[in-house]
Student: 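The structure under discussion is supplied below as structure tokens; questions concerning it will follow.
Note that this is a predicted model, so its numbers are computed, not measured.
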Amino acid sequence: MSPGPWLKFLLRCLLVTRALRLTGGAALHPRYERVDGDVETLWQRPEGPVKGLFFIAHGCNHQAPDVFTEVTETGETFKECASSIFGKCLGLPEEVALRHYALSRGYVVMAVSGGDGRQSCWSAGDLERVAAAVAHVRKEEKLSEMPLLAMGASSGGAFVGLLPSLDASSGIGKLACIVPEIMGVNTDVNEHVPTLFIHMPRTSPCGRCAPASSVPRRRRGRETHDASVSGRGAEPQKVSAQFLTKCLKEDQAQRLSKAFQEQHLVDSQGFLREDPRHRRWIATAESVLGFDAPDSLVADESCLAEVMNVAWAKHEFTAQFAEEIFDFCEGKELKLAQMAPGWKTELGPIEVFEFGPKQGPLAVAIHGMAKSMLHEWDHTAKALAEEGYHVLLPNFHSMSNGLTPGTISSDSVSIVVKDLMRQSSNNGISMLLGKSWGGGMASKISQDTALKVQKMVLVAPAELNPWPETCAVALFWAEDDAVVPIRKAETHPELQQKLTLFHKEKTGGHRVLDAYVPLIRHFSHQRAEAHKVELLQKEESAKRSAWNGLHTSFKVSLIGLLGLAVPGYFLYRRRGEKDARGKRLDAAKE
């Protein structure tokens, strides 16, 4: 065959390929279905070979169409957006960026609307619905043996933590990994699934937004992977003109960035001065953009509102760690530089989270064994920071060479804490806190005289060990804690007698409860007030005792008065009736 026909054939192939792209062929155009009649499911296939499925679970007040745009990459209209439950596709910037990256890595991207499908949160009741949606996409795209990667933010983060409770036969298939953003998960359910945690430093720990307790705890029978990783997370970002081009044209971004500086909404470096959810930046944006505003600026629907939350680094969906997510789920080693801990110790680098002024008295909080509850002390740390403490939360899961919870010795923990103490320019620890495994470690290392621990807070410690006489100790426990039962404290009556405070909650499980925080704040006060919490409780107890005593005396007196008054009343009535009969008889005689 001469070169002419070959060139014509190749040209025809190129034209057909281009036509498929422009007409939204199945290879690129997103698809929409209501699986089983009501499970809103959207998905998109990459152009080339497929490695697997990537499921994105939205947060509360959101829905699946947020991940897709009304105009696709091919320039076509995604018509099904208008008939979606929400009525449109928001195409929020972080969700879209993550979708694009997942497609570039060769994954079919899918999203499902949780709850009632419109600005809803997830619940355990959505598990079977998502399983049906995944099974549908697998069948449509012929991906029955492909691995499933699942990522979710906030409520969606808690939800993907429940997916391992489903059997592969449910339709979910092979679950390769889960990636919860800004949310902890139920480790009893997912301990066998590789888990990558993405967090934001200004996000407080949240309770289980999906009720994990209602999910049957079935094992998947697969090899255990100790692969969970928590990075430093999405740090605050500068609100520069370039940053704002995620949502605005270049000239709009420049004008708005300048206005934010002039209105002192950002500091000299370009970082936001306050939480954008306070909405004080809206007036400036409306003034600058006017009728050119790219969206409504409505919370949870606006491109600008989302990127402002990302800039503040508090409880928002982020695509910042897209590369790390797929590297992790594909079994690649994460780059240490991108997860750099920043604190050096004799035993190697460790990730440390800081709260409060650096010149304040030092407090160190040690987490429990579960990787998912790494930020459980954050509420307490913020409260102590408000009291003037410099609080350090070392992440012992970030250490290498096997020096992780369950393997690291108390002597090694003491070495790490001493190094942190010295690097923070302190010669002692004003308050040492620990929960579960961390509580046992705290009670052990408090005996190290070099640490000079003044006060200690323990929450359901795995071990209770003697502490120095000079150390004031507060113990907190929930009576329904099934992980470390409260009866463990009863085995150490001699230590109970030495406690400054022993606070119990009826319910709460194995967690650092919000109810503990105000008591810990009281306990943290100056040395002269070291027993303030105990004294306050004793005073309240004394008041109750006094009232009970007064109440008892009143009841005795009342009974005594009634004992005298009632017989007297009947005696009076009897005499009155006798006198009345006498008078009637006298009247009859007359």
Student: Between W312 and E274, is there a side-chain donor-acceptor contact under 3.5 Å, judged purely by atom types and distance?
Tutor: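 E274 vs W312: no donor-acceptor pair found between side chains.
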Student: Quick one: sort the F326 and F54 rings into parallel, tilted or perpendicular, breaks at 30° and 60°.
Tutor: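 Aromatic pair F326/F54 classed tilted.
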Student: Do W122 and L162 make a side-chain contact, defined as non-hydrogen atoms from C-beta onward lying under 4.5 Å apart?
Tutor: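 They are not in contact (no side-chain heavy atoms under 4.5 Å apart), so the answer is no.
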Student: Taking NZ, NE, NH1 and NH2 as the nitrogens, is one of them in R521 or E387 under 4.0 Å from a carboxylate oxygen of the other?
Tutor: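 Yes, this pair counts.
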Student: Less than 4.0 Å between a side-chain N and a carboxylate O, is that true for R105 and E330?
Tutor: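 Salt bridge present between E330 and R105.
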Student: So, S398 and E351: side-chain donor and acceptor under 3.5 Å apart, yes or no?
Tutor: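 Note: S398 and E351 side chains miss the donor-acceptor criterion.
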Student: For the residue pair F476 and Y516, categorise the inter-ring angle as parallel (less than 30°), tilted (30 to 60°) or perpendicular (more than 60°).
Tutor: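 It falls in the tilted class, 30° to 60°.
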Student: Does a side chain donor of either T41 or H136 reach within less than 3.5 Å of an acceptor in the other side chain?
Tutor: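 Result is no, nothing qualifies.
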Student: Does a side chain donor of either R31 or Q44 reach within less than 3.5 Å of an acceptor in the other side chain?
Tutor: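 Their side chains do not contain a donor-acceptor pair, so the 3.5 Å distance test is not met.
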Student: Show your working on salt bridge (Lys or Arg N to Asp or Glu O under 4.0 Å) between E479 and K506 and close with a plain yes or no.
Tutor: CA-CA 5 Å; E479 293 179 1; K506 286 290 183 184; 3.5 Å; yes
Student: In terms of side-chain heavy atoms, does Q119 have a donor or acceptor partner in H62 at a distance below 3.5 Å?
Tutor: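 Per modelled atom types, Q119 and H62 side chains form no pair under 3.5 Å.
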Student: Verify whether one side chain among N309 and H315 offers a donor that lies under 3.5 Å from an acceptor in the other.
Tutor: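 Short answer, no.
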Student: I would like to know whether R129 and D38 meet salt bridge (Lys or Arg N to Asp or Glu O under 4.0 Å); could you show each step before the answer?
Tutor: CA-CA 9 Å; R129 291 160 51 84; D38 65 344; 3.3 Å; yes
Student: If we count only N and O atoms by modelled type, under 3.5 Å, do the side chains of D378 and H375 hold a donor and an acceptor together?
Tutor: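 Result is yes, a qualifying pair exists.
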Student: Would H58 and D66 count as having a side-chain donor-acceptor pair, cut-off 3.5 Å?
Tutor: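 The answer is no; no qualifying pair exists.
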Student: Can you tell me how the ring of F260 sits relative to the ring of W281, calling it parallel under 30°, perpendicular over 60° and tilted otherwise?
Tutor: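 Judged by the thresholds at 30° and 60°, the geometry between F260 and W281 is perpendicular.
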